[in-house]
Number of protein chains: 2
Amino acid sequence: MLNYSTSEENYIKAVYHLQLTDDSVTTNEVAGYLKTKPASVTDMMKKLKAKKLLNYERYRGFRLTAEGTKVALGIIRRHRLWEYFLAEKLRFNWDEVHEVAEELEHITNKKLVDKLDEFLGYPRTDPHGDPIPDANGKIEVTRKICLTELPVNKTATVNSVSDQSSKILELLEHKKISIGTRLEIKKRFEFDKSLEIRIGRQPAFTISSQLAENIFVTHE
Amino acid sequence: MLNYSTSEENYIKAVYHLQLTDDSVTTNEVAGYLKTKPASVTDMMKKLKAKKLLNYERYRGFRLTAEGTKVALGIIRRHRLWEYFLAEKLRFNWDEVHEVAEELEHITNKKLVDKLDEFLGYPRTDPHGDPIPDANGKIEVTRKICLTELPVNKTATVNSVSDQSSKILELLEHKKISIGTRLEIKKRFEFDKSLEIRIGRQPAFTISSQLAENIFVTHE
DNA sequence: AATTATTTTTAGTTTTGTCTAAATTTATTT
DNA sequence: AAATAAATTTAGACAAAACTAAAAATAATT
């Protein structure tokens, strides 16, 4: 397994994440994601293509190759293991771990990563509820859906929150909704798309469509 | 507190370490320590001088300023905390931790470092026996001396081993000498400078001058 | 289909950190 | 003290990764 620079790794990771929702990833999307300029993206894409980490024809967008995906999963494995470490062992709040993990993920020493995994007890998901690839790069496919798409009376587990502003966190805290909370929708109101939801056996309460749109859940 | 690049940090750390034994640090010493070229050292020293991290007049060698020392102690604090983490929590051997800590030390996030310190229980020394600076940059001054200089019948604690080759480690293991071992010299033989030493109440045994020259101890 | 707008790429700079080779300064010998 | 050796610095080049501005290709409109 070759070694890649921090910068190369950041681009690989960006393409991986953008690929999950978009079929083919564009220059502008990557530039937006990494807060860099399109010209810089083109430069790097040429380089990663030469290293056979992604397929790319000019003006046609990019997709990771099998090898590129393997590299991406290694980065994501490291990122999520460190996030878990920060939250579980160092008692960081779950909304503070990402930034620090962005730096730790670039240390590629295999023994470090595998020993960390062992120390943590081989966690399956990070503090945001996203699955952690194993040492072979295998990752659970969780079909994560938006809470707005969850059928009525189907119990689901809160997996992630797309917006991480303090405003939404304040609201979630007040409603006692956090990562890992199991809930179900009891009723949808067509007028304002608000949802009546229930956590366990507690009394049902209402959340707005704006809030629901930012909550993602897994079920089954 | 400003932020410095990985490269700048490596030079600062090199000067700090070389300063401990040498009064003034030279270009060639730093180049040798960092396995880089003298011309590169000169370039960087100019830059660090401009940032007021060290004093330097051309052809005259370098010394860290108070500010430079503060930065160096921050790097050393991070390095040694991670070494402790790797050895104590991830069960790395004490001779494997340095290399990985060289990478981890460059992550400067203060909350990470202080939380790590807390998680580890505020350790005083790293796995090599070297003191860990506290959050304010305060470091214990341990007068570390070579085992060859230890007076007879004075109990001392093994602090570090200068050579880290597998050959010396094999010998140390056989003699049951490791970091933290408390021992005293019972007799010195002038002829070959060999030493008769005793660990606790066990029977005394002999070690060669070549071995003793590589063992450093603290006493009092 | 031609024009306009958008996206992407190219070309040329910039910054950081490294290097080699040559020049300069300091140290050591004879 | 002059000559030689060693250490250090300067000058100029290079690679990586970013940027700006202009050119080229693609997409969207009229």
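Chain A is the first sequence line, chain B the second, and so forth, proteins listed ahead of strands; every chain is numbered from 1.
- Within the 4.0 Å cut-off from OP1 or OP2 of D/dA16, not a single side-chain nitrogen or oxygen of A/S5 is found.
- Remark: the backbone N or O of B/D23 is paired with a side-chain donor or acceptor of B/R63 at under 3.5 angstrom.
- Computed from coordinates, the A/Y11 OH to D/dA16 C1' distance equals 12 Å when rounded to whole Å.
- If you check every strand for non-hydrogen atoms under 4.0 Å, A/S40 touches a base.
- Distance A/M45 CE to D/dA18 P: 10 Å, rounded to the nearest Å.
- Look at B/Y56 and you'll find a side-chain N or O under 4.0 angstrom from OP1 or OP2 of D/dT9.
- Here the closest heavy-atom approach between residue B/L81 and residue B/L120 is recorded as O-CD1, 3.4 Å.
- Distance from the side chain of B/D43 is smallest to C/dT18 among C/dT8, D/dT9, C/dT18.
- Atom pair A/K49:NZ and C/dT8:C1' shows a separation of 15 Å (rounding to whole Å applied).
- Rounded to an integer number of Å, the gap from B/K37 NZ to C/dC19 C1' is 8 Å.
- For D/dA7, neither phosphate oxygen OP1 nor OP2 lies less than 4.0 angstrom from any side-chain nitrogen or oxygen of B/R58.
- Minimum interatomic distance between A/K51 and A/Y4 (heavy atoms only, all atoms of both residues): CD-CE2, 4.1 Å.
- In this structure, CE of B/M44 is placed 16 Å from P of C/dT15, rounded to the nearest angstrom.
- For D/dA7, the OP1/OP2 oxygens have no side-chain nitrogen or oxygen of B/T26 closer than 4.0 Å.
- One atom, CD of A/E57, and another, P of C/dT9, lie 11 Å apart when rounded to the nearest Å.
- The phosphate of D/dA16 has neither OP1 nor OP2 within less than 4.0 Å of any side-chain N or O from A/S7.
- The side-chain tip of B/K111 points at the ring of A/F92 from less than 6.0 angstrom away and within 45° of straight on.
- Rounding to whole angstrom units, CG of residue A/L48 and P of D/dA16 are separated by 13 Å.
- Side-chain contact between A/V113 and A/R77 is present, with heavy atoms from C-beta onward closer than 4.5 Å.
- Looking at heavy-atom distances under 4.0 Å, A/F62 makes no contact with the nucleic acid at all.
- Checking C/dC19, D/dA18, C/dT10 against the side-chain heavy atoms of A/A39 singles out C/dT10 as nearest.
- For B/N28, no side-chain nitrogen or oxygen approaches OP1 or OP2 of D/dA6 to under 4.0 Å.
- A/K89 forms a cation-pi arrangement with A/F119, by the criterion of a distance under 6.0 Å to the ring centre and an angle within 45° of the ring axis.
- Taking every side-chain heavy atom of A/K46 into account, C/dT10 is the closest of D/dA18, C/dT10, C/dT18.
- A close approach under 4.0 Å does not occur between any side-chain nitrogen or oxygen of A/R60 and OP1 or OP2 of D/dA25.
- Remark: B/T27 is in phosphate contact with D/dT9, judged by side-chain N or O atoms under 4.0 Å from OP1 or OP2.
- Judged by distance alone with a 3.5 Å cut-off, a donor-acceptor contact links the side chain of B/Y59 to the base of C/dT24.
- Side-chain nitrogen and oxygen atoms of A/Y4 include none within less than 4.0 Å of the OP1 or OP2 phosphate oxygen of D/dA16.
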